[in-house]
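Heavy-atom basis, side chains included; hydrogens, waters and symmetry copies ignored.
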Amino acid sequence: MKKWLSLPLAALCCLQLFLASALAAPITIDLDAATQEELTQLQSQIADRLSALRMSETPAGEVIELSGEGSAIHPLSIPFSPARVTCTAQGQPGAFKLTEGLFPYSFETDSTRTDVVEEAGDYTLLVECAGQWNFRVEPLAPGGALEQKGKGFYVSDIFPLDGPTIVNFSYQTAENGGNLIVYEYAVYEDGEVISNLLINEMPRNNASGSVEKILETTGGATGYFLTVYCDPATEWEISLP
């Protein structure tokens with residue numbers, strides 16, 4: 001008997017439209033005849049949809065969002081960890097700092113930057129920006145997918161690993177080139193995270209390349225996530241060989 005999988009997936013250009021779309025044309029896959037590439041693409045689409053649904057269902061108290069124009073100082077309590085931070089500075093470079101916590105954090109961007117905060121706690125947010133800015137904090141969701149592709153900064157959701165896993169990381173830089181840094185994080189039940197540097201390279205401008213790395217597993221970890229730091233124009237993909 002053939003196995004068929006039909007899922008409503010929206011091909012939309014931004015997350016807000018993606019969440020606002022109640023119905024979309026279903027994609028039907030013949031699981032017996034599908035190629036590995038088609039199944040991998042479907043897995044990525046399912047992960048994107050699950051992540052979007054989690055974001056839409058997250059209680060308002062678990063998403064923190066501040067915005068303004070010009071430099072500012074705000075007290076900020078982050079009750080969860082690990083957390084994804086998204087900083088946006090419109091038209092002008094912005095510097096965002098979290099101080100007075102267990103560890104300080106600093107994020108700089110002239111557009112949008114995504115990063116991670118490893119510890120919950122009470123902080124003070126310092127914003128130095130001449131234009132409009134936005135600062136968003138949200139918990140990393142469980143059930144994420146390892147295989148992803150994107151552009152610029154990235155913090156994944158939490159995914160499981162059954163054991164050490166080989167992954168392929170490919171990239172295409174733009175004219176600015178810049179550093180390419182990738183970390184693997186192990187997450188523990190008490191919220192503690194431990195990082196492992198996977199990639200630290202400086203590709204040339206307009207260059208493409210790929211590198212295989214092994215994601216390690218550690219005893220007691222409940223899940224893992226990845227962070228990517230690179231130029232906003234650098235395209236990258238994480239896949240299984």
To the nearest 0.5 angstrom, please state how far the CG atom of Leu76 sits from the CD1 atom of Ile78.
4.5 Å
So Glu201 and Tyr171, side-chain contact (heavy atoms from CB on, under 4.5 Å) or not? Walk me through it.
CA-CA 11 Å; Glu201 297 186 1; Tyr171 61 85; 3.7 Å; yes
Working for side-chain contact (heavy atoms from CB on, under 4.5 Å), residues Val127 and Ser71
CA-CA 5 Å; Val127 182; Ser71 298; 5.8 Å; no
Do Val182 and Ile194 land in one hydrophobic cluster if side-chain heavy atoms of ILVMFWY residues count as linked below 4.5 Å?
no
Ionic contact status for Asp115 with Arg84, cut-off 4.0 Å
no
Residues sharing Ile166's hydrophobic cluster, by side-chain heavy-atom contacts under 4.5 Å among ILVMFWY, directly or via others?
Ile214
Can you name the residues that form a side chain to side chain donor-acceptor pair (under 3.5 Å) with Thr165, not counting sequence neighbours?
none
Considering residues at least two apart in sequence or located in another chain, which fulfil the side chain to side chain donor-acceptor pair (under 3.5 Å) criterion with Ser77?
Asp122
Under 3.5 Å, is there a donor-acceptor pair between the side chain of Asp157 and the main chain of Ala141?
yes
Under the side-chain contact (heavy atoms from CB on, under 4.5 Å) rule, what do Glu118 and Tyr105 come out as? Steps first, then yes or no, please.
CA-CA 10 Å; Glu118 300 177 19; Tyr105 295 89; 3.5 Å; yes
Ignoring hydrogens, what is the shortest heavy-atom contact between Ala89 and Gln92? Give both atom names and the distance.
CB-O, 3.1 Å
Assess, by modelled atom type and distance only, whether the side chains of Tyr188 and Thr218 contain a donor and an acceptor separated by less than 3.5 Å.
yes
Would you say Glu175 has more than 12 foreign heavy atoms packed within less than 6.0 Å of its CD?
no
Among residues at least two apart in sequence or on other chains, which ones pass salt bridge (charged side-chain N to carboxylate O under 4.0 Å, His left out) with Glu65?
Arg136
Can you tell me how far apart CD (Glu108) and CD (Glu128) are? Round to the nearest 0.5 Å.
8.5 Å
Kindly indicate whether the side chain of Leu215, heavy atoms from C-beta on, has any atom under 4.5 Å from the side chain of Leu161.
yes
Could you tell me if the side chain of Pro79 sits less than 4.5 Å from the side chain of Ile64, heavy atoms only?
yes
Distance-only, no hydrogens or angles: does the Glu184 side chain make a donor-acceptor pair with backbone N or O of Glu216 under 3.5 Å?
yes
Closer than 3.5 angstrom, by distance alone: can the side chain of Thr173 be matched with the main-chain N or O of Asn206 as a donor-acceptor pair?
yes
Tell me the closest heavy-atom pair linking Gly144 and Pro160, and the distance in Å.
O-CD, 4.3 Å
Cluster partners of Val193, using ILVMFWY side-chain heavy atoms under 4.5 angstrom, listed by chain and number?
Val116, Leu140, Phe153, Val155, Ile158, Ile181, Tyr183, Tyr185, Val187, Leu197, Phe225, Tyr229
Heavy-atom check, side chain of Leu226 versus side chain of Leu146, under 4.5 Å:
yes
What's the separation between atom CG in Asn196 and atom NZ in Lys213, rounded to the nearest 0.5 Å?
9.5 Å
Describe, in one word, how the ring planes of Trp133 and Phe96 are oriented to each other, choosing from parallel (under 30°), tilted (30 to 60°) and perpendicular (over 60°).
perpendicular
Can you name the nearest heavy-atom pair linking Phe80 to Glu138, along with the distance?
CE1-C, 3.5 Å
Closer than 3.5 angstrom, by distance alone: can the side chain of Trp236 be matched with the main-chain N or O of Gly152 as a donor-acceptor pair?
yes
Is it true that, when you exclude Gln172 itself, more than 12 heavy atoms of the residues, nucleotides or ligands shown sit nearer than 6.0 Å to its CD?
yes
Once rounded to the nearest 0.5 Å, what's the spacing between atom CZ of Phe103 and atom CG of Leu98?
14.0 Å
Rounded to the nearest 0.5 Å, how far apart are CE of Met202 and CG of Asn179?
4.0 Å
Interatomic distance, Lys97 atom NZ to Tyr123 atom OH [nearest 0.5 angstrom]
16.0 Å
Hey, mind stepping through Val167 and Leu240 against side-chain contact (heavy atoms from CB on, under 4.5 Å) and telling me if it holds?
CA-CA 5 Å; Val167 295; Leu240 297 174; 4.0 Å; yes
Starting from Leu126, walk the hydrophobic network (Ile, Leu, Val, Met, Phe, Trp, Tyr; side-chain heavy atoms closer than 4.5 Å) and list everyone else you reach, by chain and number.
Ile73
Side chain proximity check, Val85 to Phe107, heavy atoms < 4.5 angstrom:
yes
For Glu147 against Ser239, the heavy-atom pair lying closest together
OE2-CA, 3.4 Å
Looking at Ala83, is its backbone amide N or carbonyl O close enough to the side chain of Ser81 to form a donor-acceptor pair, meaning the two atoms are under 3.5 Å apart?
no
